[in-house]
Asks: 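Let me give you the structure first, and then I'll get to my questions.
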Amino acid sequence: MNIILLGPPGAGKGTQAERLVTGRGMIQLSTGDMLRAARKADTPLGHQVAAVMDSGALVSDEIVSALIDDKLGSMSDDQGAIFDGYPRTAAQAESLDGLLAAHGRELQHVIELQVDEDALVERITGRFSCANCGANYHDKFKQPKQADTCDVCGEHAFKRRPDDNEATVRTRMEEYRAKTAPILPIYEARGIVSRVDGMADMDHVTAAIAAVLDGRS
């Protein structure tokens with residue numbers, strides 16, 4: 001089974017992809033992760049990716065397609081793919097169809113984690129973590145049991161990501177809507193788009209995705 005997982009930053013795509021990898025043996029094909037891995041690889045394609053990234057230019061669709069092609073070729077037939085961050089344009093959607101067909105695969109589901117923008121702002125801007133061990137906390141939803149003390153390692157220093165602010169989150173939402181607008185109608189016409197409440201508890205989101213994949217929704 002091959003799926004596209006959609007949702008803005010902070011919607012929980014990473015968590016749900018990890019659960020699909022663990023629970024169903026699927027392979028997450030994140031363009032960001034693949035580009036970083038290719039950049040470090042001592043291969044002709046890796047050298048090409050490194051040169052483009054070092055120049056500050058955008059990596060071409062051709063390079064991304066080559067990375068996906070290579071990854072699909074390394075997967076066994078019984079492993080499903082989770083596409084994260086790709087496709088983002090109608091041209092990329094068409095390219096993905098060709099890549100999947102070349103490997104005897106097809107796309108079964110496009111799952112969008114829907115979020116409430118104001119609630120997402122609250123979710124993201126309230127995040128902080130232990131500066132020592134990285135344990136995650138939240139101003140409203142998960143405070144340390146003892147004030148100013150990490151539950152895991154006992155450290156007293158905490159940090160926040162500099163881009164976890166309201167202006168950045170709302171800009172990300174605008175970018176997400178702009179990027180998904182061209183591709184959703186393509187998949188809606190095929191009847192393979194499902195929407196899940198991304199603001200629900202993580203376990204409920206996992207269960208809702210499972211219901212889609214298992215044909216129970």
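Computation of the quantities below employed the complete heavy-atom set of this structure, encompassing side-chain atoms and omitting hydrogens, waters and symmetry-equivalent molecules. Counting from 1, the numbers follow the sequence of the chain as shown.
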Asks: Is the backbone of Asp139 close enough, under 3.5 Å, to the side chain of Gln143 for a donor and an acceptor to pair up by distance?
Replies: yes

Asks: Using modelled atom types only, decide if a donor and an acceptor are shared between the side chain of Lys13 and the backbone of Gly7 within a distance under 3.5 Å.
Replies: yes

Asks: Quick test of your reading of the model: are Lys142 and Asp151 salt-bridged, counting only N-O distances below 4.0 Å?
Replies: no

Asks: Pair Ile111, Leu213 - check side-chain contact (heavy atoms from CB on, under 4.5 Å), show working.
Replies: CA-CA 9 Å; Ile111 301 174; Leu213 299 185; 3.9 Å; yes

Asks: Could you give the distance from CZ (Phe83) to OG (Ser30), rounded to the nearest 0.5 Å?
Replies: 11.5 Å

Asks: Run Asn2 and His109 through side-chain hydrogen bond (donor to acceptor under 3.5 Å, both in side chains) and show every step you take.
Replies: CA-CA 7 Å; Asn2 306 288; His109 296 284; over 6 Å; no

Asks: Taking all non-hydrogen atoms of both residues, which atom of Ala135 and which atom of Val152 are closest, and how far apart?
Replies: CB-CG2, 3.8 Å

Asks: For Asp164, what residues pass the side-chain contact (heavy atoms from CB on, under 4.5 Å) criterion, not counting sequence neighbours?
Replies: Ile124, Arg127, Arg161, Arg172

Asks: Using side-chain hydrogen bond (donor to acceptor under 3.5 Å, both in side chains), reason through Gln16 and Thr206 one step at a time and then give a plain yes or no.
Replies: CA-CA 6 Å; Gln16 297 305 325; Thr206 300; 2.7 Å; yes

Asks: Without swapping roles, check the side chain of Ser95 against the backbone of Ala91 for a donor-acceptor pair under 3.5 Å.
Replies: no

Asks: Can you find a heavy atom in the side chain of Gln146 that is under 4.5 Å from one in the side chain of Pro144?
Replies: no

Asks: What closest approach, in Å, do Cys153 and Cys133 show between heavy atoms, and which atom pair accounts for it?
Replies: SG-SG, 3.8 Å

Asks: Testing the basics here: between Cys150 and Phe158, what is the closest heavy-atom pair and its distance to 0.1 Å?
Replies: N-CZ, 3.6 Å

Asks: So which heavy atom on Leu113 is nearest to which on Pro8, and how close?
Replies: O-CD, 4.0 Å

Asks: List in chain and number order the residues that pass side-chain contact (heavy atoms from CB on, under 4.5 Å) with Ala210, two or more places apart in sequence or in another chain; answer none if no residue qualifies.
Replies: Arg24, Asp214, Arg216

Asks: Tell me, do Ile183 and Leu6 make a side-chain contact under 4.5 Å, heavy atoms counted?
Replies: yes

Asks: When hydrophobic residues are tied together by side-chain contacts of less than 4.5 Å, even through go-betweens, does Val212 share a cluster with Ile4?
Replies: no

Asks: Within the 4.5 Å heavy-atom criterion, are Ser194 and Glu112 side-chain neighbours or not?
Replies: no

Asks: Which residues pass the salt bridge (Lys or Arg N to Asp or Glu O under 4.0 Å) test with Arg123, not counting sequence neighbours?
Replies: none

Asks: Should Leu96 and Ile186 be regarded as members of a common hydrophobic cluster, given that ILVMFWY residues are connected when their side-chain heavy atoms come within less than 4.5 Å of each other, either directly or indirectly?
Replies: yes

Asks: For residues Arg160 and Phe128, report the shortest heavy-atom separation together with the two atoms involved.
Replies: CG-CB, 3.6 Å

Asks: Apply side-chain contact (heavy atoms from CB on, under 4.5 Å) to residues Leu99 and Ser65 and explain how you reach the verdict.
Replies: CA-CA 8 Å; Leu99 289 169; Ser65 292; 4.1 Å; yes

Asks: Any link between Val110 and Tyr86 through a network of hydrophobic side chains (Ile, Leu, Val, Met, Phe, Trp, Tyr) touching at under 4.5 Å?
Replies: yes

Asks: Any Lys/Arg nitrogen of Glu188 or Arg195 sitting under 4.0 Å from an Asp/Glu carboxylate oxygen of the other?
Replies: yes

Asks: For the CG atom on Asp77, are there more than 12 heavy atoms of other groups (residues, nucleotides or ligands in this structure) within a distance under 6.0 Å?
Replies: no

Asks: Please tell me whether Val52 and Val64 are part of a single hydrophobic cluster in this structure, the criterion being side-chain heavy atoms less than 4.5 Å apart.
Replies: yes

Asks: Between Met202 and Arg19, what is the shortest heavy-atom contact and its length?
Replies: O-NH1, 3.5 Å

Asks: For Lys140, which residues count as a salt bridge (Lys or Arg N to Asp or Glu O under 4.0 Å) partner, sequence neighbours excluded?
Replies: Glu122

Asks: Arg177 vs Glu117, test: side-chain contact (heavy atoms from CB on, under 4.5 Å). Steps then yes/no.
Replies: CA-CA 11 Å; Arg177 285 190 288 265; Glu117 186 167 331; 3.1 Å; yes

Asks: Taking only Lys NZ, Arg NE, NH1 and NH2, and the carboxylate oxygens of Asp or Glu, determine whether Arg170 and Glu174 approach each other closer than 4.0 Å.
Replies: no

Asks: May I ask you to decide whether Glu106 forms a salt bridge with Arg190, counting only side-chain N to carboxylate O separations under 4.0 Å?
Replies: no

Asks: Decide yes or no for Val21 and Ile82: does some side-chain heavy atom of the first lie under 4.5 Å from some side-chain heavy atom of the second?
Replies: yes

Asks: Report the residues that fulfil salt bridge (Lys or Arg N to Asp or Glu O under 4.0 Å) with Asp197, sequence neighbours left out, ordered by chain and then residue number.
Replies: none

Asks: Please walk me through it: do Leu107 and Tyr187 pass side-chain contact (heavy atoms from CB on, under 4.5 Å)?
Replies: CA-CA 9 Å; Leu107 194 64; Tyr187 297 122; 3.5 Å; yes

Asks: Is there a side-chain contact between His47 and Asp42, using heavy atoms and a 4.5 Å cut-off?
Replies: yes

Asks: Assigning hydrophobic clusters by single linkage (Ile, Leu, Val, Met, Phe, Trp, Tyr; side-chain heavy-atom cutoff under 4.5 Å), is Leu20 placed with Leu29?
Replies: no

Asks: Would you be so kind as to tabulate the donor-acceptor pairs closer than 3.5 Å made by side chains of residues 66-75, with sequence neighbours excluded?
Replies:
from  : atom 1 : to     : atom 2 : distance (Å)
Asp69 : OD1    : His103 : NE2    : 2.6
Ser74 : OG     : Lys71  : O      : 2.7

